[in-house]
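Values below: every heavy atom of this structure, side chains too, minus hydrogens, waters and symmetry copies. Keep in mind that this is a model prediction, so the values were computed, not measured.
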Amino acid sequence: MLKILRFLFAIITISFALYGILSDDFSYAPLMLLFMGGAMLVMGIEEYKRNKKVSASCLVGACLLIFYTSFDIMLG
């Protein structure tokens, strides 16, 4: 289940990134960051289940930073 969710978040992130690059319209960048944060969170959960706690905490920390940046851009 987590593998499918990670793949889905990654595809959506890549789609928003390609749209922004090809059309020079970066209005969807906060959504791209939101889905990238979701992918990082899922990867952190997967690493935690594999008992790799250091890399899991780094991924979750990066996820929180990305979420903060995304919400800051959306609300500001």
> How long is the gap from OH on Y28 to OG on S23, to the nearest 0.5 Å?
Replying inline: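 Reported to 0.5 Å precision, the distance equals 9.0 Å.
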
> If Ile, Leu, Val, Met, Phe, Trp and Tyr residues are connected whenever their side-chain heavy atoms lie under 4.5 Å apart, and connections chain through other members, are M74 and F67 in the same group?
Replying inline: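 Looking at the clustering, F67 is in the same group as M74.
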
> Cluster question for you: counting only ILVMFWY and a side-chain heavy-atom cut-off of under 4.5 Å, with indirect links fine, are I14 and F9 together?
Replying inline: no

> Rounded to the nearest 0.5 Å, what separation is found between the CG atom of L31 and the OG1 atom of T13?
Replying inline: 10.0 Å

>> Just verifying a value: how many Å separate M32 CE and Y19 OH, rounded to the nearest 0.5 Å?
In response: 13.5 Å

>> Are L8 and L41 linked, directly or through intermediate hydrophobic residues, by side-chain heavy-atom contacts shorter than 4.5 Å (ILVMFWY only)?
In response: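 Yes; L8 is reachable from L41 via cluster members.
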
> Within the distance-only criterion (no hydrogens, no angle test), does the side chain of S70 pair as donor or acceptor with the backbone N or O of L33 below 3.5 angstrom?
Replying inline: no

> Who else is in I11's hydrophobic cluster (ILVMFWY, side-chain heavy atoms under 4.5 Å, direct or via others)?
Replying inline: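 Its cluster mates, by chain and number, are F7.
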
> side-chain contact (heavy atoms from CB on, under 4.5 Å) between Y48 and K53: does it pass, once the steps are laid out?
Replying inline: CA-CA 5 Å; Y48 185 76; K53 300 210 183 334; 3.9 Å; yes

>> Side chains of K49 and E46, heavy atoms from C-beta outward: is any pair under 4.5 Å?
In response: no

>> Under the rule for side-chain hydrogen bond (donor to acceptor under 3.5 Å, both in side chains), what residues qualify as partners of E47, not counting sequence neighbours?
In response: R50, S55

> For residues 16-31, which residue pairs qualify under salt bridge (charged side-chain N to carboxylate O under 4.0 Å, His left out), counting only residues two or more places apart or in two chains?
Replying inline: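 Not a single pair qualifies under salt bridge (charged side-chain N to carboxylate O under 4.0 Å, His left out).
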
>> Are there over 12 heavy-atom neighbours, none belonging to Y68, within less than 6.0 Å of that residue's OH?
In response: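 Counting other residues, nucleotides and ligands, OH of Y68 stays at 12 neighbours or fewer.
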
>> Nearest 0.5 angstrom please: K52 NZ to L59 CG, how far?
In response: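 Nearest 0.5 Å value for the NZ-CG distance: 11.0 Å.
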
> Rounded to the nearest 0.5 Å, what separation is found between the CZ atom of F71 and the CD1 atom of I66?
Replying inline: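 One finds 12.0 Å between CZ of F71 and CD1 of I66.
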
>> Quick check: closest heavy atoms across V60 and G44, and the distance to 0.1 Å?
In response: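 Taking V60 first and G44 second, the nearest heavy atoms are CG2-CA, 4.3 Å.
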
>> Can you tell me if I4 has over 12 outside heavy atoms packed within less than 6.0 Å of its CD1?
In response: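 Counting neighbours around CD1 of I4, 12 or fewer heavy atoms of other residues, nucleotides or ligands fall under 6.0 Å, so no.
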
> Using 30° and 60° as the class limits, which term best fits the ring planes of F16 and F35: parallel, tilted or perpendicular?
Replying inline: parallel

>> Would a single hydrophobic cluster contain both M36 and F26, if residues Ile, Leu, Val, Met, Phe, Trp and Tyr are joined by side-chain heavy-atom contacts under 4.5 Å?
In response: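 In one cluster: no.
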
